[in-house]
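What follows is a set of notes on a single structure, which appears directly below.
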Amino acid sequence: MSLLPTATISDIARHNGQTVTLAGWVAHKTEKGKLVFIRLRDGSGVIQCVVFRKNVSEETFTAAQRLTLESSCRITGAVRADERAPGGFELDVSSIEIIQVSPEYPIQPKEHGVEFLMEHRHLWVRSAKQHALLRIRAEIIAAAQEWLNAQGFVRFDTPILTPCAAEGTTNLFATPYFDLGTAYLGQTGQLYVEAGMMSFGKVYCFGPTFRAEKSKTRRHLTEFWMIEPEVAFALHDDNLALQEQFVSAIVQRVLERRADDLATLERDTKPLERCIPPFPRITYDEALRLIAERYSEVEGCTPLEWGEDLGAPHETLIASMFDRPVFVERFPSAIKAFYMEPDPDRPEVALCADLLAPEGYGEIIGGSQRIHDAALLERRIREYGLNVDDYRWYIDLRRYGSVPHSGFGMGIERATAWIAGTHHIRETIPFPRMLYRMYP
RNA sequence: UCCCCGAUAGCUCAACGGUAGAGCGGCUGACUGUUAAUCAGUAGGUUCCAGGUUCGAAUCCUGGUCGGGGAGCCA
């Protein structure tokens, strides 16, 4: 005995004319006298099932009437092409097996407030738009990993519990760790992935990262997923070239494979279709000049002194000047992480770049060439007020066959928000962790 | 942490200091082509909490709680 369906809705066309059993949940129901329409959702798609009183047993018709929104059931019937049906096919029902009748389902097909939806996130993920969004997230993750694998990268998993701050300054989540004191939830796998790079040449890590920053915006989560490639012998320009190929490959794959989901989300795909290398590159200095000329175009945007970091309004302004993602490179070293390689021609700036997504979605990638000289690295650690002993192993990497190398980190949720065209990052992960929400 | 906004039926909201309401959803009934059906009927309230002003507070004031939008920081 099996409860498994004999067909899935996504490839129902192959079963045209056949009798199949589907298994899923009631996404919508309309009764019209001796006729019941059930939209059944099985995870792969939705199909309308039609129950005619005269064509079925009394038990089956009663079962159809008893079904409520989100009730689970198995429905057997004949697949029939029908122009009146959304999707082109519908099921002429012959029998219904109820698994469970759902009591009044909280989420209705109408407007709901943010608080209510977040409180019901465990149910909200069933809704059509959330379903499409999370499927696009899964596609982005698969595309990113498979593209890197095909390029010869090796996945190199890095620890989540770490003994010290990778980048020192930002706030970390702390937790007691037996007799060894305090452990911190990792904010990046980068330092560890550099060790992997020296073993495999091309590696990446992928996993959740944690930032205990009290950020309360549509672009921030306290727990988010990041994919971080690292390449031996790669210089700054190689790094940018890798990033634009990587991002473009992901976008093109989502366009190819998730067109239906993008349509469900009413995403305008034209800006995505333009996302082809080369991406424009401007330096931090050029960015400051552009901001000085045009800051009045964005509310809250002000001119910057050299040495100040770009804020959200500045990123929005810069991104609005280009029709595809744009690199802003060579920031002042003082406002960037300690491990970034100085520009040999201008030591006060770092060989780093942020990739800003178009349409105001902000920074999706941060990356740099890393310092490969042990003495310089140690000096920088001291300058940043960090404890050199904590970084012995990291400095050690520069003592045994050190090579110039580069890498970057892409935030999965921000990339998903941009590609899917979602206003708020909280919808791009199944269960967002935010400053004021940890439930469900 | 700072600035701004909000909290009334299960949900989305209305009620200008004077009897708390609508739509949707639920329930009951009608309907053989519905797409968030339509029509009729019906149930449903500690107006976030505490205090204050007032003859009278959902409404005004004070404090708190919870939430939303934004900033800084970052991906």
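First the proteins, then the strands, lettered A, B, ... as listed; each starts at 1.
Of the listed nucleotides (B/rU34, B/rG69, B/rC31), B/rC31 has the atom at the smallest distance from the side chain of A/Lys34. Counting only heavy atoms from C-beta on, A/Pro109 has its side chain closest to B/rA36 among B/rG33, B/rA36, B/rA75. Taking only side-chain atoms of A/Leu221, from C-beta outward, the nucleotide of B/rC73, B/rA75, B/rG25 with the closest atom is B/rA75. Checked against B/rU1, B/rU35, B/rC66, the side chain of A/Lys214 finds its nearest nucleotide in B/rU1. Among the nucleotides B/rC11, B/rG72, B/rG33, the one closest to the side chain of A/Thr217 is B/rG72. The listed nucleotides are B/rC74, B/rC11, B/rA75; the one nearest the side chain of A/Ile425 is B/rA75. Out of B/rU12, B/rG70, B/rA75, the shortest distance to the side chain of A/Met226 is found at B/rA75.
A/Arg80 has its CZ atom 14 Å from the P atom of B/rG33, to the nearest Å. The interatomic distance linking A/Met434 (CE) with B/rG69 (P) rounds to 8 Å, in whole Å. Summarising the geometry, the separation between CD on A/Glu111 and C1' on B/rU12 is reported as 8 Å, rounded to the nearest angstrom. Atom CD of A/Glu308 and atom P of B/rA71 are 17 Å apart (whole Å). Distance A/His314 NE2 to B/rC73 C1': 14 Å, rounded to the nearest Å. In this structure, the CD atom of A/Gln65 is 14 Å from the C1' atom of B/rU32, given to the nearest Å. Distance, A/Glu115 CD to B/rC66 P: 11 Å, rounded to whole Å. Atom NZ of A/Lys336 is separated from atom C1' of B/rC73 by 11 Å (rounded to the nearest Å).
If you check distances only, the side chain of A/Ser215 does reach the base of B/rC73 with a donor-acceptor pair under 3.5 Å. Judged by atom type and distance alone, A/Gln108 does not reach the base of B/rU12 through any side-chain donor-acceptor pair under 3.5 Å. Counting atom types as modelled, A/Glu90 pairs a side-chain N or O with a base atom of B/rG33 as donor and acceptor under 3.5 Å. The base of B/rC74 sits with one of its N or O atoms less than 3.5 Å from a complementary donor or acceptor on the side chain of A/His220. Evaluation of atom-type donor-acceptor distances gives no pair under 3.5 Å for the side chain of A/Lys216 against the base of B/rG70.
For A/Glu194 and A/Tyr394, the side-chain atoms include at least one donor-acceptor pair closer than 3.5 Å. Inspection of the A/Arg370 and A/Ser368 side chains reveals an N or O donor paired with an N or O acceptor under 3.5 Å. Using modelled atom types and a 3.5 Å distance limit, the side chains of A/Glu90 and A/Gln48 yield a donor-acceptor pair.
A/Leu356 approaches A/Val328 most closely through the heavy-atom pair CD1-CG2, 3.9 Å.
Looking at heavy-atom distances under 4.0 Å, A/Glu31 makes contact with a base. Backbone-only engagement by A/Asp309 is indicated by non-hydrogen atom pairs under 4.0 Å involving sugar-phosphate atoms exclusively. Among the heavy atoms of the strands, none lies under 4.0 Å from A/Ala415. Using a 4.0 Å heavy-atom criterion, one finds that A/Gly362 contacts no nucleic acid atom at all.
In terms of phosphate contacts, A/His112 brings no side-chain nitrogen or oxygen within less than 4.0 Å of OP1 or OP2 of B/rC24. Between A/Lys32 and the phosphate of B/rU32, there is no side-chain N or O to OP1/OP2 separation shorter than 4.0 Å. The side chain of A/Arg437 places no N or O atom within less than 4.0 Å of a non-bridging phosphate oxygen (OP1 or OP2) of B/rC66. Look at A/Arg426 and you'll find a side-chain N or O under 4.0 angstrom from OP1 or OP2 of B/rG69. Residue A/Arg219 has no polar side-chain atom (N or O) positioned under 4.0 Å from OP1 or OP2 of B/rA75.
Note on A/Arg211 versus A/Glu223: no salt bridge recorded, every NZ/NE/NH1/NH2 to OD/OE distance being 4.0 Å or above. Ion pairing between A/Arg219 and A/Glu413 fails under the 4.0 Å rule for side-chain N and carboxylate O. A salt bridge links A/Glu139 to A/Arg253: at least one charged side-chain nitrogen sits closer than 4.0 Å to a carboxylate oxygen.
Spacing between B/rC74 and B/rA50 at atom P, rounded to whole Å, works out to 44 Å. Annotation: B/rA9 and B/rA20 have their P atoms spaced 16 Å apart (nearest Å). Spacing between B/rG18 and B/rA58 at atom P, rounded to whole Å, works out to 10 Å. When the P atom is used for both B/rC66 and B/rC24, the distance is 35 Å, rounded to whole Å. Taking atom C1' in both B/rC48 and B/rG26, one finds a spacing of 25 Å when rounded to whole Å. Rounded to whole Å, the C1' atom of B/rG10 lies 33 Å from the corresponding atom of B/rG52. Taking the C1' atoms as reference points, B/rA22 lies 14 Å from B/rG44, given to the whole Å. Atom name P, nucleotides B/rC5 and B/rU42: the rounded distance is 42 Å, in whole Å.
If you check B/rC16 for Watson-Crick or wobble pairing at under 3.5 angstrom, you find it has no partner at all. For B/rA75, there is no paired base (Watson-Crick or G-U wobble, both distances below 3.5 Å). Using the Watson-Crick or G-U wobble rule with both distances under 3.5 Å, B/rU38 pairs with B/rA30. Nucleotide B/rC60 has B/rG52 as its partner under the Watson-Crick or G-U criteria, with both atom distances under 3.5 Å. Pair assignment for B/rG45: none, as no Watson-Crick or G-U wobble contacts are both less than 3.5 Å. For B/rG67, the paired nucleotide is B/rC5, the pair qualifying as Watson-Crick or G-U wobble because both relevant distances are below 3.5 Å.
Mapping A/Thr222 and A/Phe52 onto RNA chain B by nearest heavy atom places A/Phe52 at the nucleotide closer to the 5' end. Toward the 5′ end of RNA chain B lies the nearest nucleotide of A/Tyr105, the other residue of the pair A/Tyr105 and A/His424 mapping further downstream.
For the salt bridge (Lys or Arg N to Asp or Glu O under 4.0 Å) with A/Glu70, the lone residue among A/Arg126, A/Lys29, A/Arg39 that qualifies is A/Arg126.
Under the stacking criterion of a centre-to-centre distance below 5.5 angstrom and an interplanar angle below 30°, A/Phe224 sits stacked against the six-membered ring of B/rA75.
A distance of 6.0 Å or more separates the ring centres of A/Tyr339 and A/Tyr391.
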